[in-house]
Amino acid sequence: MALHWWQRAVFYQIYPRSFADSNGDGIGDLDGVTAHLDYLESLGIDAIWLNPINPSPLDDWGYDVSDYCGIHPDLGDLAAFDRLVADAHRRGIRVIVDLVPNHTSNQHPWFVESRASRSNPKRDWYIWVPGSPDRPPNNWQSTFSGSAWKYDPTTASWYLHMFLEQQPDLNYRNPRVVEAMHDVIRFWLERGADGFRIDVIAGLIKDAELRDNPARAVTDPDIPWHSKGTQDPLHSHDRPEVHDVIREFRRVSDSYEQRILVGETWPREHERLADFLRPDELQLAFNFRFLLARYDASRFRAAIEQTERSFGPGAWPTWTLSNHDFPRHISRYSRDGDGEARARVAAMMLFALRGTPFIYYGEEIGMRDAAIPADRKRDPVGRDGCRSPMQWTDAPNGGFSTSANTWLPCGDFKAVNVARQLNDPHSMLALYGRLIQLRKSTPALVEGSYRAFEGAPEDCLVFRRDTPQQHIVVALNFTAEPRAIAIPAGKILLSTLPDRSNVAKSSLMLEPNEGVIVMLDAKITG
Ligand code: NOJ
């Protein structure tokens, strides 16, 4: 089946400050990533996504860009980026970078100009409303906290910031802003980047009249972001016009070969995720309902089936368990159960679903959130725990850096590190390696159709992946008790438990928190 490279690929997300420090300053950098491409290649990674690498005052750790066409000096320079891309490409590994188009840093020269006077030529590059300091222009809430408006006495006006006040929102109703962002896209594609993960993609354009957002009428406990606020961001987020902006980004991206756009998509209603994946929009879109689901078969089933139902034949799913904004899934799953065993089941789900899997650095070794003492906190909204340094060995700082001071404290690298797991067939790393290899050597796991398996217990997630030649059942026991599942005869290709024998009897008995991938002897009819 003619799938695109990004449909077959396994992606690996790297938080560059925390992956590997090549120059001993306590901060990970691009040369550090290059130095570990061997590791990624042997794991079977096809593409990496780098969190922001641009110059930034780091109020939001790079999501506040002050120069879209440079590299933050902590991370290296453009030559280091070129080296990384060249070495990755030589190995057949693609590199996508983070594009942060919704807002800049307040130190970006565009904003410095824009705020200087009401008549500045860059004034309309941002969203300004003249007014008095006691009354913000409307009721919009920042994603982080409080009003999304900041009063600037220099020109007696308010500016919009949907995140920190140091992150003013750009005005995508101004064609010059759109053109400037197209130039940024071209800059990185010319340099060899294979595409972008696009930050806050659904929020790029705001209501032309800046109308108040309504209160949220219904909150759905299955949609985690509903609990975040009582406001429905009707006028500030996921406006219909945003799709025109995306189409233009895609047009620019498609003027280069084989490039992709991956959206950080928070649709207002989850059913609308598919809208971002229309043929002339994004290729991939993160699925946060899935990422944030509790360890519970019915939650995952609902997220997966909604995706399968609402995605048309052209839209391709993306699956992710962790990223740099939320506690790592192994830490979340450990709150009320055996996090390690659960993370193994979740990994099997990740690689066996129909769609493109993204791994967050360290999850392949079962890295947990690090404990961050109060005096070492760096992130204004408390996300440091999941951004701690990669744990390579049991040497000081887990082999991440030779510096006495790493930018964030390290987690428990004595217990969990790459070196220790490399030769341990029972390790999380070995399981990730096997799952990736199995996926690559089993067409049904990549190209096969997805279908729920009828008749399995509700608290297990059991599904089929079929091509005309291969018939697979993936059976995942999300409970802490054994579960029997009646499946046709077949052979177990892989279990999340290391010592299971490989023949499936007609009734498969799953151990607590066990997942298996079974190749059936014959097609299930019906
Ligand atoms: C989403 C990014 O993932 C997050 O880290 C950032 O704080 C916000 N967007 C604002 O850019």
Side-chain angles (χ1 to χ4, degrees), residues 10 43-44 293-301 319 321-322 328-353 357 359 362-368 415-418 420-442 444-445 453 456-465 472-521:
V10 174
L43 185 58
R294 276 203 271 122
Y295 186 80
D296 174 332
S298 58
R299 300 278 177 139
F300 281 111
R301 185 164 37 242
W319 307 111
L321 296 165
S322 286
R328 287 175 177 274
H329 62 277
I330 192 166
S331 298
R332 285 184 275 126
Y333 301 166
S334 296
R335 289 176 192 156
D336 57 357
D338 180 346
E340 175 91 14
R342 290 171 160 196
R344 294 173 76 96
V345 172
M348 183 168 276
M349 170 174 68
L350 183 71
F351 293 109
L353 282 170
I359 303 174
E363 81 173 56
E364 75 280 16
I365 53 169
M367 231 171 98
R368 288 165 191 259
V416 175
N417 64 66
V418 172
R420 183 166 168 175
Q421 296 191 16
L422 270 179
N423 298 314
D424 173 2
H426 295 178
S427 65
M428 186 74 85
L429 184 58
L431 177 66
Y432 268 72
R434 278 197 215 110
L435 281 165
I436 293 171
Q437 289 320 314
L438 186 61
R439 186 182 158 87
K440 288 185 195 281
S441 58
T442 312
L445 289 177
F453 179 87
E458 276 293 296
D459 47 14
C460 295
L461 180 68
V462 187
F463 57 89
R464 295 162 50 180
R465 300 294 314 278
I472 284 189
V473 169
V474 181
L476 308 169
N477 179 3
F478 275 71
T479 78
E481 295 148 25
R483 284 286 180 269
I485 300 173
I487 61 160
K491 179 174 183 283
I492 295 182
L493 300 179
L494 187 59
S495 162
T496 60
L497 302 180
D499 297 320
R500 116 109 56 201
S501 74
N502 69 351
V503 180
K505 320 228 172 29
S506 61
S507 174
L508 179 67
M509 190 54 97
L510 292 177
E511 298 291 323
N513 286 312
E514 182 186 24
V516 295
I517 298 178
V518 181
M519 179 75 80
L520 301 183
D521 297 340

Requested in this report: Output the distance between atom CD1 (Ile365) and atom OH (Tyr432), rounded to the nearest 0.5 Å.
Outcome: 11.0 Å
Query - Arg301 side chain vs Cys460 backbone, donor-acceptor pair below 3.5 Å - result: yes
Query raised in the report: What distance separates Leu321 CG from Ile359 CD1, expressed to the nearest 0.5 Å?
Result: 9.5 Å
Query raised in the report: So how far is it from Phe478 CZ to Arg294 CZ, rounded to the nearest 0.5 Å?
Result: 12.5 Å
Report task. Run the ring-centre check on Phe300 versus Tyr295 and record whether the distance is less than 6.0 Å. Result -> no
Report task. Mind listing the closest non-hydrogen atom pair of Arg299 and Ala293 along with its distance? Result -> CB-CB, 4.0 Å
Query raised in the report: Below 4.5 Å, heavy atoms only, C-beta onward: do Ile330 and Glu340 meet side chain to side chain?
Result: yes
Query raised in the report: Is there a side-chain contact between Tyr333 and Asp338, using heavy atoms and a 4.5 Å cut-off?
Result: no
Query - Smallest separation among heavy atoms of Gly339 and Arg368, with atom names - result: C-NH2, 4.5 Å
**Report entry** Minimum side-chain heavy-atom gap Val462-Val474 below 4.5 Å
**Finding:** no
Report task. Look only at the side chain of Ser322 and the backbone of His329, and say whether a donor-acceptor pair between them is shorter than 3.5 Å. Result -> yes
Query - Shortest non-hydrogen separation from Ala444 to Arg465 and the atoms involved - result: O-NH2, 3.3 Å
Query raised in the report: Are Val516 and Glu514 close enough, and set up right, to give a side chain to side chain contact (heavy atoms under 4.5 Å, CB included), and what steps lead you there?
Result: CA-CA 7 Å; Val516 295; Glu514 182 186 24; 3.7 Å; yes
Report summary line: Between Gln421 and Leu429, the two heavy atoms sitting closest are OE1-N, 3.0 Å
Query raised in the report: CD1/Ile487 to CG/Leu520 distance, rounded to the nearest 0.5 angstrom?
Result: 6.0 Å
Query raised in the report: Regarding Glu458 and Ser298, is there a side-chain donor-to-acceptor distance under 3.5 Å anywhere?
Result: no
Query - Glu481 and Arg483 ion-paired at < 4.0 Å - result: yes
Query - Closest contact, heavy atoms only, Ala430 versus Pro425 - result: CB-O, 3.5 Å
Query - N/O donor-acceptor pair under 3.5 Å between Lys491 side chain and Val518 backbone - result: no
Query raised in the report: Salt bridge check: are Asp336 and Arg342 linked by an N-O gap of less than 4.0 Å?
Result: yes
Query raised in the report: What is the distance from atom CG of Asn477 to atom CD1 of Ile485, rounded to the nearest 0.5 Å?
Result: 6.5 Å
Report task. Output all residues satisfying salt bridge (Lys or Arg N to Asp or Glu O under 4.0 Å) with Arg439, sequence neighbours left out; order by chain, then residue number. Result -> none
Query raised in the report: Salt-bridged, Arg328 to Glu363, with N to O below 4.0 Å?
Result: no
Query - For Met509 against Pro482, the heavy-atom pair lying closest together - result: SD-CB, 4.3 Å
Query raised in the report: Out of Val473, Leu435, Thr442, Ile492, which residue meets the side-chain contact (heavy atoms from CB on, under 4.5 Å) rule with Ile517?
Result: Leu435
**Report entry** Donor-acceptor pair, side chain of Thr496 and main chain of Gly515, under 3.5 angstrom
**Finding:** yes
Query raised in the report: Does Ile436 reach the side chain of Phe351, with side-chain heavy atoms less than 4.5 Å apart?
Result: yes
Requested in this report: Kindly write out the residues that satisfy salt bridge (Lys or Arg N to Asp or Glu O under 4.0 Å) with Glu364, not counting sequence neighbours, or none if the list is empty.
Outcome: none
Report task. Quick one: pull up OG in Ser495 and CE in Met348 and give me the separation to the nearest 0.5 Å. Result -> 6.0 Å
Query raised in the report: Passes side chain to side chain contact (heavy atoms under 4.5 Å, CB included), His426 versus Leu431? Steps please.
Result: CA-CA 7 Å; His426 295 178; Leu431 177 66; over 6 Å; no
Requested in this report: Using a 4.5 Å cut-off on heavy atoms from C-beta on, say whether the side chain of Pro357 contacts that of Met349.
Outcome: no
